[in-house]
Amino acid sequence: MNVLSLFDGMSCGQIALEKAGIKVNKYYASEIKKHAIECTNFNYPNTIQLGDINKINGKELDKIDLLIGGSPCQDFSRANKERKGLKGEKSSLFFEFLRLLKECNPKYFILENVIMSDYNYWFICNELNCEPVRICGSLVSGALRDRLYWTNIPPYSYDLTGRIISNIPQPKDKKIYLQNILDSGKVKTRKHNCLNTNTGSTQNATQKYLKHRDNTTGMITLIYEEDGLVRTVNQNEMEKLHNIPNGYTKMLNQRKAGDLIGDGWTVDVVVHILKNIK
């Protein structure tokens, strides 16, 4: 199988394909972050890096069997006050995914993104002629990550207009809790909320900031150590949170690893979808 991965990041797609037992002949990746490419090439040196998505001509590639990607979500996200959606600079890159889907005409595709407004949701459904399956990563990991997956991987049905409706079942709940994957400390919550730029920090100078953010936004998951300090998840814990192999990001510092894992996929959700390929 030849695969084209757009917005490849640190190549969670390759991890998922390997875990799903799907043999890959050529894996083309479109990514522009240097540390993401560094991480991918360290773990999968045979990756064919294509760079900027805007410069890729799908007709110049070998026949693509599977097109995958999680187009940028920043302009859809509820954490973004402006929420320009498909008109935003980053999330408008969906149209590049759509262009390459038409140029490559793969047998299968997967597009992942966040929960979004009805307008953007139905616009994407109409363009892809597909309604997505919604799966939360908390079923297969210790983290909350509620996502939409547009795909023509079976099982699926059709509506009266001929549009695909994904019928991929929900994965079985593995009952993995945040406390189970911690190296040390205790937490108040069962699942991890979200990654942030101070991930793993236990320096005294950050204590006030971490506690303030926890009290004011709730968009942080604090770990309480025996010495009274609080911290966020470290690099090893971040990998385990999203089903990433131990040491996969070891060539990067913790901040860069957090950046990539925060943008990446919950791997075992994608494995669950890929296993339906016949």
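Along the sequence shown, residues carry numbers from 1.
The heavy-atom pair separating Ala143 from His242 by the smallest distance is CB-CE1, 3.6 Å. A pairwise comparison of heavy atoms in Gln14 and Thr47 identifies NE2-OG1, 2.8 Å as the closest pair. Between Gly13 and Ile68 the shortest heavy-atom distance is CA-CD1, 3.9 Å.
Between atom CZ of residue Arg134 and atom CD1 of residue Ile168 there is a gap of 16.0 Å, rounded to the nearest 0.5 Å. Rounding to the nearest 0.5 angstrom, the gap separating the CD1 atom in Ile261 from the SG atom in Cys12 is 8.0 Å. Between atom CG of residue Leu98 and atom CG of residue Leu111 there is a gap of 9.5 Å, rounded to the nearest 0.5 Å. Here Leu148 contributes atom CG and Ile115 contributes atom CD1; the two are 3.5 Å apart, rounded to the nearest 0.5 Å. Within the model, atoms SG of Cys104 and CZ of Arg99 stand 8.5 Å from one another, a figure rounded to the nearest 0.5 Å. For the atom pair CZ (Arg190) and OG1 (Thr221), the distance works out to 14.5 Å, reported to the nearest 0.5 Å.
Within the 4.5 Å cutoff, side-chain heavy atoms of Met10 are placed close to those of Ile244. Residues Ile223 and Thr232 are not in side-chain contact: their nearest non-hydrogen atoms beyond the backbone lie 4.5 Å or more apart. Contact check for Leu128 versus Leu101: side-chain heavy atoms found under the 4.5 Å cut-off. Proximity of Asn43 to Ser11: side-chain heavy atoms (C-beta onward) are nowhere separated by under 4.5 Å. Looking only at side-chain heavy atoms (C-beta outward), Pro132 and Thr151 stay at 4.5 Å or farther from each other. At a threshold of 4.5 Å between non-hydrogen side-chain atoms, the residues Val114 and Arg147 count as touching. Lys191 is not listed as a side-chain neighbour of Leu178, based on a closest heavy-atom distance of 4.5 Å or more. Taking the side chain as every heavy atom from C-beta outward, Asn167 and Ser157 approach each other to under 4.5 Å.
Within the 3.5 Å criterion, the main-chain N or O of Val271 finds no donor-acceptor partner in the side chain of Lys19. Using a distance-only test at 3.5 Å, with no hydrogens or angles considered, no donor-acceptor pair links the side chain of Lys26 to the main chain of Asn2. When atom types are taken as modelled, the side chain of Gln254 and the backbone of Asn234 share no donor-acceptor pair closer than 3.5 angstrom. Here the side chain of Ser30 pairs a donor or acceptor atom with the backbone of Gly51 at under 3.5 angstrom. Not one N or O on the side chain of Asn180 forms a donor-acceptor pair closer than 3.5 Å with the backbone of Ile176. Side chain of Glu237 to main chain of Asp183: a donor-acceptor pair is present (N/O by atom type, distance under 3.5 Å, no hydrogens or angles). Between the Asn276 side chain and the His272 main chain, a donor and an acceptor come within less than 3.5 Å of each other. The backbone N or O of Val230 sits nowhere less than 3.5 Å from a side-chain atom of Lys211 that would complete a donor-acceptor pair. In terms of modelled atom types and a separation under 3.5 Å, the side chain of Gln235 and the main chain of Leu252 share a donor-acceptor contact. Of the possible donor and acceptor atoms, none in the side chain of Asp263 sits under 3.5 Å from a partner among the backbone N and O of Gly9.
Using modelled atom types, one finds no donor on one side chain facing an acceptor on the other under 3.5 Å when comparing Glu31 with Thr40. Using modelled atom types and a 3.5 Å distance limit, the side chains of Asn41 and Gln49 yield a donor-acceptor pair. A donor-acceptor contact under 3.5 angstrom links the side chains of Asp52 and Asn54, judged on distance only. Between the side chains of Tyr149 and Asn113, not a single donor N or O lies within less than 3.5 Å of an accepting N or O. Judged by distance alone, the side chains of His35 and Asp259 do bring a donor and an acceptor atom under 3.5 Å apart. When only modelled atom types and interatomic distance are considered, Ser184 and Glu225 share a side-chain donor-acceptor pair under 3.5 Å.
One hydrophobic cluster, built from ILVMFWY side chains closer than 4.5 Å, holds both Met1 and Ile273. Under the 4.5 Å side-chain heavy-atom criterion for ILVMFWY residues, no single connected hydrophobic cluster contains both Trp265 and Leu260. Cluster membership check: Trp122 does not share its hydrophobic cluster with Ile165, using side-chain heavy-atom separations under 4.5 Å among Ile, Leu, Val, Met, Phe, Trp and Tyr. At a threshold of 4.5 Å between side-chain heavy atoms, the hydrophobic network of Ile, Leu, Val, Met, Phe, Trp and Tyr places Tyr108 and Val24 in one connected group. No chain of hydrophobic side-chain contacts below 4.5 Å, direct or via other Ile, Leu, Val, Met, Phe, Trp or Tyr residues, connects Leu66 to Ile15.
For the side-chain contact (heavy atoms from CB on, under 4.5 Å) criterion with Tyr28, the lone passing option out of Asp62, Leu6, Asp8, Leu67 is Asp62.
Note: Trp150 and Tyr121 have tilted aromatic rings, judged against thresholds of 30 and 60 degrees for the angle between ring planes. Ring geometry for Tyr248 against Tyr44 counts as tilted: the plane angle lies between 30° and 60°, on a 0 to 90° scale.
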Item to check | Pair Tyr27-Leu17, side-chain contact (heavy atoms from CB on, under 4.5 Å): steps then yes or no | outcome: CA-CA 10 Å; Tyr27 187 95; Leu17 285 160; 3.9 Å; yes

Checklist entry - So Ile53 and Leu100, side-chain contact (heavy atoms from CB on, under 4.5 Å) or not? Walk me through it. => result CA-CA 9 Å; Ile53 189 173; Leu100 286 163; 3.8 Å; yes

Item to check | Criterion side-chain contact (heavy atoms from CB on, under 4.5 Å) on Leu93 and Glu96, from CA distance to verdict | outcome: CA-CA 5 Å; Leu93 287 171; Glu96 292 301 309; 4.1 Å; yes

Next on the checklist: With salt bridge (Lys or Arg N to Asp or Glu O under 4.0 Å) as the criterion, how do Glu103 and Lys59 come out once you've worked through the C-alpha distance, each side chain's angles and the decisive distance to 0.1 Å?
Outcome noted: CA-CA 6 Å; Glu103 289 179 4; Lys59 296 179 180 179; over 6 Å; no

Next on the checklist: The test is side-chain contact (heavy atoms from CB on, under 4.5 Å); show your working for Asn193 and Ile220 and say whether it passes.
Outcome noted: CA-CA 6 Å; Asn193 190 352; Ile220 192 170; over 6 Å; no

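In this structure, Tyr158 belongs to a hydrophobic cluster whose other members, linked by side-chain heavy atoms under 4.5 Å apart, are Tyr156, Ile164.
With respect to Lys275 and Asp268, no salt bridge is recorded, no charged nitrogen being found less than 4.0 Å from a carboxylate O. Salt-bridge check for Lys250 with Glu239: failed, with every basic side-chain N at 4.0 Å or more from each acidic carboxylate O.
Heavy-atom contacts from other residues, nucleotides or ligands closer than 6.0 Å to NZ of Lys63 number more than 12. Within a 6.0 Å radius of CD1 in Ile48, other residues, nucleotides and ligands contribute more than 12 heavy atoms.
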